[in-house]
Amino acid sequence: MKQHIAIDGPAGAGKSTVARGVAKKLGYLYLDTGALYRALTLHFLRKGLDPGIPNLENVLSEVNISLESSGDGTKVVLNGEDVTVLIRSPEVDRMVSRVAESKGVRDFLRGIQRTLALSKPSVVEGRDIGTVILPEADLKIFLTAKPEVRAYRRWLELRARGNTVDYKRVLKNILERDMIDSSRQHAPLKKADDAVLIDTSFLTIEEVIHKIYTLAVGEGNGRCGD
Ligand code: DC
(Lines give C-alpha, C1' and ligand atoms only; values in the text may rest on other atoms or scores of the structure.)
Protein backbone atom coordinates (compact mmCIF):
# COMPACT_ATOMS: atom_id res chain seq x y z
CA MET A 1 0.00 0.00 0.00
CA LYS A 2 1.38 3.41 -0.99
CA GLN A 3 1.54 5.79 2.00
CA HIS A 4 2.16 9.14 0.31
CA ILE A 5 0.49 9.95 -2.98
CA ALA A 6 1.41 13.09 -4.93
CA ILE A 7 -1.08 14.44 -7.47
CA ASP A 8 0.15 17.30 -9.65
CA GLY A 9 -1.22 18.97 -12.74
CA PRO A 10 -2.59 22.21 -14.20
CA ALA A 11 -5.67 24.12 -13.00
CA GLY A 12 -8.96 22.39 -13.82
CA ALA A 13 -7.52 18.90 -14.46
CA GLY A 14 -9.75 17.59 -11.67
CA LYS A 15 -7.03 17.30 -9.02
CA SER A 16 -9.09 18.45 -6.03
CA THR A 17 -12.11 16.24 -6.62
CA VAL A 18 -9.95 13.26 -7.53
CA ALA A 19 -7.47 13.71 -4.67
CA ARG A 20 -10.32 14.10 -2.16
CA GLY A 21 -12.02 10.98 -3.55
CA VAL A 22 -8.84 8.88 -3.42
CA ALA A 23 -8.07 10.07 0.12
CA LYS A 24 -11.59 9.20 1.26
CA LYS A 25 -11.42 5.73 -0.30
CA LEU A 26 -8.06 5.02 1.34
CA GLY A 27 -8.89 6.74 4.66
CA TYR A 28 -5.91 9.09 4.14
CA LEU A 29 -5.37 12.76 4.89
CA TYR A 30 -6.22 15.00 1.93
CA LEU A 31 -3.96 18.00 1.47
CA ASP A 32 -4.86 20.82 -0.95
CA THR A 33 -1.61 22.79 -1.19
CA GLY A 34 -3.08 25.34 -3.63
CA ALA A 35 -5.28 26.51 -0.72
CA LEU A 36 -2.13 27.68 1.09
CA TYR A 37 -1.06 29.82 -1.90
CA ARG A 38 -4.59 31.13 -2.20
CA ALA A 39 -4.81 32.10 1.49
CA LEU A 40 -1.51 33.96 1.21
CA THR A 41 -2.77 35.71 -1.94
CA LEU A 42 -5.89 36.86 -0.08
CA HIS A 43 -3.63 38.31 2.62
CA PHE A 44 -1.59 40.21 -0.02
CA LEU A 45 -4.75 41.51 -1.71
CA ARG A 46 -6.22 42.74 1.55
CA LYS A 47 -3.01 44.53 2.52
CA GLY A 48 -2.58 45.93 -1.01
CA LEU A 49 0.85 44.30 -1.22
CA ASP A 50 2.77 43.10 -4.24
CA PRO A 51 4.40 39.66 -3.92
CA GLY A 52 7.62 41.19 -5.29
CA ILE A 53 8.17 43.49 -2.28
CA PRO A 54 11.70 43.38 -0.82
CA ASN A 55 10.77 42.84 2.86
CA LEU A 56 8.64 39.76 2.18
CA GLU A 57 9.90 37.98 5.34
CA ASN A 58 8.25 40.65 7.52
CA VAL A 59 4.91 40.11 5.78
CA LEU A 60 5.18 36.33 6.00
CA SER A 61 6.10 36.46 9.67
CA GLU A 62 2.65 37.88 10.47
CA VAL A 63 0.81 35.16 8.55
CA ASN A 64 -0.55 32.01 10.11
CA ILE A 65 -2.32 29.59 7.78
CA SER A 66 -3.75 26.24 8.77
CA LEU A 67 -5.75 23.57 7.01
CA GLU A 68 -8.35 21.66 9.02
CA SER A 69 -10.34 18.65 7.83
CA SER A 70 -14.07 19.41 7.82
CA GLY A 71 -16.47 16.79 6.52
CA ASP A 72 -15.47 15.98 2.94
CA GLY A 73 -13.37 19.12 2.46
CA THR A 74 -10.72 21.27 4.05
CA LYS A 75 -11.34 24.37 6.11
CA VAL A 76 -8.71 27.05 5.43
CA VAL A 77 -7.92 29.36 8.33
CA LEU A 78 -5.95 32.59 7.84
CA ASN A 79 -4.90 34.30 11.07
CA GLY A 80 -7.87 32.79 12.90
CA GLU A 81 -10.45 33.58 10.19
CA ASP A 82 -12.21 30.93 8.10
CA VAL A 83 -11.38 31.96 4.50
CA THR A 84 -12.43 28.70 2.79
CA VAL A 85 -14.91 30.45 0.48
CA LEU A 86 -13.05 33.76 0.05
CA ILE A 87 -9.92 32.12 -1.40
CA ARG A 88 -11.94 30.88 -4.42
CA SER A 89 -12.85 34.36 -5.69
CA PRO A 90 -11.94 35.53 -9.24
CA GLU A 91 -9.66 38.21 -7.67
CA VAL A 92 -7.61 35.51 -5.94
CA ASP A 93 -7.67 33.43 -9.18
CA ARG A 94 -6.14 36.35 -11.05
CA MET A 95 -3.28 37.01 -8.61
CA VAL A 96 -2.39 33.62 -7.15
CA SER A 97 0.07 32.55 -9.87
CA ARG A 98 2.08 35.72 -9.29
CA VAL A 99 2.28 35.04 -5.56
CA ALA A 100 3.28 31.42 -6.28
CA GLU A 101 6.18 32.65 -8.45
CA SER A 102 7.95 34.13 -5.43
CA LYS A 103 10.82 32.03 -4.09
CA GLY A 104 10.29 33.50 -0.61
CA VAL A 105 6.66 32.39 -0.64
CA ARG A 106 7.56 28.90 -1.91
CA ASP A 107 10.25 28.43 0.74
CA PHE A 108 7.83 29.61 3.44
CA LEU A 109 5.10 27.17 2.35
CA ARG A 110 7.42 24.21 1.67
CA GLY A 111 8.00 23.39 5.36
CA ILE A 112 4.29 23.72 6.18
CA GLN A 113 3.41 21.33 3.32
CA ARG A 114 6.02 18.71 4.24
CA THR A 115 5.08 18.71 7.92
CA LEU A 116 1.39 18.23 7.11
CA ALA A 117 2.01 15.65 4.37
CA LEU A 118 4.33 13.47 6.43
CA SER A 119 2.19 13.60 9.59
CA LYS A 120 -0.07 10.77 8.27
CA PRO A 121 -0.63 8.66 5.16
CA SER A 122 -1.74 11.33 2.72
CA VAL A 123 -2.89 12.32 -0.74
CA VAL A 124 -1.22 15.64 -1.54
CA GLU A 125 -2.40 17.76 -4.42
CA GLY A 126 -0.51 20.63 -6.08
CA ARG A 127 1.94 21.59 -8.82
CA ASP A 128 5.36 20.58 -7.48
CA ILE A 129 4.52 17.82 -4.99
CA GLY A 130 6.20 14.98 -6.90
CA THR A 131 9.16 17.13 -7.93
CA VAL A 132 9.94 19.37 -4.93
CA ILE A 133 7.71 18.97 -1.88
CA LEU A 134 7.58 15.16 -1.61
CA PRO A 135 10.08 13.73 -4.09
CA GLU A 136 10.03 10.57 -1.96
CA ALA A 137 6.27 10.03 -2.52
CA ASP A 138 5.66 6.38 -3.33
CA LEU A 139 3.03 7.09 -5.97
CA LYS A 140 3.12 10.13 -8.24
CA ILE A 141 0.31 11.08 -10.59
CA PHE A 142 0.30 13.89 -13.18
CA LEU A 143 -3.29 14.76 -14.08
CA THR A 144 -4.02 16.80 -17.14
CA ALA A 145 -6.86 17.63 -19.58
CA LYS A 146 -7.38 19.84 -22.62
CA PRO A 147 -7.49 23.59 -21.71
CA GLU A 148 -11.06 23.97 -23.06
CA VAL A 149 -12.28 21.09 -20.89
CA ARG A 150 -10.50 22.51 -17.84
CA ALA A 151 -11.96 25.98 -18.42
CA TYR A 152 -15.45 24.56 -18.82
CA ARG A 153 -15.16 22.67 -15.53
CA ARG A 154 -13.90 25.78 -13.74
CA TRP A 155 -16.70 27.87 -15.28
CA LEU A 156 -19.33 25.40 -14.02
CA GLU A 157 -17.74 25.48 -10.57
CA LEU A 158 -17.78 29.31 -10.44
CA ARG A 159 -21.36 29.43 -11.72
CA ALA A 160 -22.48 26.98 -9.06
CA ARG A 161 -21.04 29.43 -6.51
CA GLY A 162 -23.02 32.31 -8.00
CA ASN A 163 -20.16 33.92 -9.99
CA THR A 164 -21.56 34.85 -13.42
CA VAL A 165 -18.19 35.02 -15.10
CA ASP A 166 -17.77 34.68 -18.89
CA TYR A 167 -16.43 31.32 -20.17
CA LYS A 168 -13.91 33.04 -22.45
CA ARG A 169 -12.44 34.92 -19.49
CA VAL A 170 -12.11 31.68 -17.54
CA LEU A 171 -10.30 30.05 -20.49
CA LYS A 172 -8.00 33.08 -20.80
CA ASN A 173 -7.20 32.87 -17.06
CA ILE A 174 -6.50 29.12 -17.31
CA LEU A 175 -4.13 29.64 -20.26
CA GLU A 176 -2.36 32.50 -18.49
CA ARG A 177 -1.98 30.46 -15.31
CA ASP A 178 -0.66 27.47 -17.28
CA MET A 179 1.94 29.72 -18.83
CA ILE A 180 3.04 31.33 -15.56
CA ASP A 181 2.97 28.05 -13.58
CA SER A 182 4.98 26.13 -16.19
CA SER A 183 7.53 28.80 -17.01
CA ARG A 184 8.29 30.19 -13.55
CA GLN A 185 11.88 29.95 -12.37
CA HIS A 186 11.22 28.23 -9.03
CA ALA A 187 9.49 24.83 -8.89
CA PRO A 188 7.63 25.11 -12.22
CA LEU A 189 4.69 22.87 -13.00
CA LYS A 190 6.12 19.79 -14.68
CA LYS A 191 5.61 16.06 -14.62
CA ALA A 192 8.07 14.17 -12.40
CA ASP A 193 9.99 11.57 -14.43
CA ASP A 194 8.49 8.77 -12.36
CA ALA A 195 4.89 10.11 -12.37
CA VAL A 196 2.01 8.30 -14.07
CA LEU A 197 0.34 10.59 -16.63
CA ILE A 198 -3.48 10.55 -16.72
CA ASP A 199 -5.45 12.67 -19.21
CA THR A 200 -8.88 13.23 -17.64
CA SER A 201 -10.50 14.98 -20.66
CA PHE A 202 -12.73 12.01 -21.47
CA LEU A 203 -12.81 10.18 -18.15
CA THR A 204 -15.35 10.51 -15.37
CA ILE A 205 -14.21 11.44 -11.87
CA GLU A 206 -15.06 7.91 -10.69
CA GLU A 207 -12.89 6.38 -13.43
CA VAL A 208 -9.90 8.52 -12.47
CA ILE A 209 -10.36 7.82 -8.73
CA HIS A 210 -10.57 4.10 -9.44
CA LYS A 211 -7.43 4.19 -11.57
CA ILE A 212 -5.37 5.92 -8.86
CA TYR A 213 -6.85 3.81 -6.06
CA THR A 214 -5.84 0.66 -7.95
CA LEU A 215 -2.30 1.96 -8.36
CA ALA A 216 -2.18 2.90 -4.65
CA VAL A 217 -3.22 -0.49 -3.34
CA GLY A 218 -0.98 -2.17 -5.88
CA GLU A 219 -3.71 -4.11 -7.69
CA GLY A 220 -3.84 -4.52 -11.47
CA ASN A 221 -2.40 -1.86 -13.75
CA GLY A 222 -4.75 1.05 -12.98
CA ARG A 223 -6.93 0.50 -16.05
CA CYS A 224 -10.59 1.20 -15.30
CA GLY A 225 -12.54 -1.98 -14.78
CA ASP A 226 -9.62 -3.90 -13.27
O1 DC B 1 -4.72 24.29 -7.36
P2 DC B 1 -5.10 25.76 -7.27
O3 DC B 1 -5.71 26.32 -8.54
O4 DC B 1 -5.94 26.06 -6.08
O5 DC B 1 -3.70 26.51 -7.07
C6 DC B 1 -3.64 27.90 -7.00
C7 DC B 1 -2.28 28.41 -7.51
O8 DC B 1 -1.26 28.02 -6.59
C9 DC B 1 -1.86 27.91 -8.88
O10 DC B 1 -1.96 28.94 -9.83
C11 DC B 1 -0.42 27.51 -8.72
C12 DC B 1 -0.11 27.61 -7.28
N13 DC B 1 0.36 26.36 -6.69
C14 DC B 1 1.69 26.08 -6.77
O15 DC B 1 2.44 26.84 -7.38
N16 DC B 1 2.18 24.98 -6.16
C17 DC B 1 1.36 24.13 -5.52
N18 DC B 1 1.87 23.05 -4.93
C19 DC B 1 -0.02 24.38 -5.46
C20 DC B 1 -0.50 25.51 -6.08
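One-based numbering along the sequence shown. Whatever order the structure lists them in is the order used to number ligands and atoms, beginning at 1.
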Consider only side-chain N and O atoms of Thr200 and Arg153, and report whether a donor and an acceptor are under 3.5 Å apart.
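Indeed, the side chains of Thr200 and Arg153 share at least one donor-acceptor pair under 3.5 Å.
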Of all the non-hydrogen atoms in the protein, which one sits nearest to [atom], and at what distance?
{"atom": "atom 8 (O) of ligand 1", "value": "Tyr37 CB, 3.6 Å"}
{"atom": "atom 16 (N) of ligand 1", "value": "Arg106 NH2, 3.0 Å"}
{"atom": "atom 9 (C) of ligand 1", "value": "Arg127 NH2, 3.4 Å"}
{"atom": "atom 4 (O) of ligand 1", "value": "Arg38 NE, 2.7 Å"}
{"atom": "atom 19 (C) of ligand 1", "value": "Thr33 OG1, 3.4 Å"}
{"atom": "atom 7 (C) of ligand 1", "value": "Val96 CG2, 3.5 Å"}

Closest heavy-atom contact between Leu49 and Met95?
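Closest approach of Leu49 to Met95, heavy atoms only: O-CE, 3.5 Å.
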Contact summary for Ile174 and Pro147, nearest pair of heavy atoms
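It is CG2-O, 4.4 Å.
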Mind checking whether [X] contacts ligand 1 via backbone (N, CA, C, O), side chain (CB onward), both or neither, at a 4.0 Å heavy-atom cut-off?
{"X": "Asp181", "value": "side chain"}
{"X": "Arg184", "value": "side chain"}
{"X": "Arg177", "value": "side chain"}

List the steps, then state whether salt bridge (Lys or Arg N to Asp or Glu O under 4.0 Å) holds for Lys15 with Asp32.
CA-CA 9 Å; Lys15 293 187 304 295; Asp32 168 10; over 6 Å; no
Between Asp8 and Lys190, does any side-chain N to carboxylate O distance fall below 4.0 Å?
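Not counted as a salt bridge, because no side-chain N and carboxylate O are separated by less than 4.0 Å.
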Answer yes or no: is there an ion pair linking Asp93 with Arg38, defined by an N-O contact shorter than 4.0 Å?
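Yes.
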Less than 3.5 Å apart, which donor and acceptor atoms pair up between the side chains of residues 111-135 and the rest of the protein, not counting sequence neighbours?
unit_1 : atom_1 : unit_2 : atom_2 : d
Gln113 : NE2    : Leu109 : O      : 3.1
Arg114 : NH1    : Ile133 : O      : 2.7
Arg114 : NH1    : Glu136 : OE1    : 3.3
Arg114 : NH1    : Glu136 : OE2    : 3.3
Arg114 : NH2    : Glu136 : OE2    : 2.9
Thr115 : OG1    : Gly111 : O      : 2.8
Ser119 : OG     : Leu116 : O      : 2.7
Ser122 : OG     : His4   : ND1    : 3.1
Ser122 : OG     : Ala117 : O      : 2.8
Glu125 : OE1    : Ser16  : OG     : 3.4
Glu125 : OE1    : Tyr30  : OH     : 2.7
Glu125 : OE2    : Ser16  : OG     : 3.2
Arg127 : NE     : Gly9   : O      : 3.4
Asp128 : OD2    : Arg106 : NH2    : 3.0
Thr131 : OG1    : Asp128 : O      : 3.4

From Gly34, Ala100, Ala13, Ser97 - option closest to atom 10 (O) of ligand 1 by heavy atom:
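Heavy atom nearest to atom 10 (O) of ligand 1 belongs to Ser97.
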Could you list the donor-acceptor pairs under 3.5 angstrom formed by side chains in residues 164-172, with sequence neighbours left out?
unit_1 : atom_1 : unit_2 : atom_2 : d
Tyr167 : OH     : Glu148 : O      : 3.3
Lys172 : NZ     : Glu176 : OE2    : 3.2

Can you find a non-hydrogen atom of Arg88 under 4.0 Å from ligand 1?
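Contact check Arg88 vs ligand 1: positive.
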Geometry only, no angles: is Asp128 polar-contacting ligand 1 at N/O separations under 3.5 Å?
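Yes, Asp128 has an N/O under 3.5 Å of an N/O on ligand 1.
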Has ligand 1 got any nitrogen or oxygen that is less than 3.5 angstrom from a nitrogen or oxygen of Asp32?
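The answer is no, given that Asp32 and ligand 1 share no N or O pair closer than 3.5 Å.
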For Asn64, is there any backbone N or O sitting under 3.5 Å from a side-chain donor or acceptor partner on Asn79?
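Pair found, side chain donor or acceptor close to backbone of Asn64.
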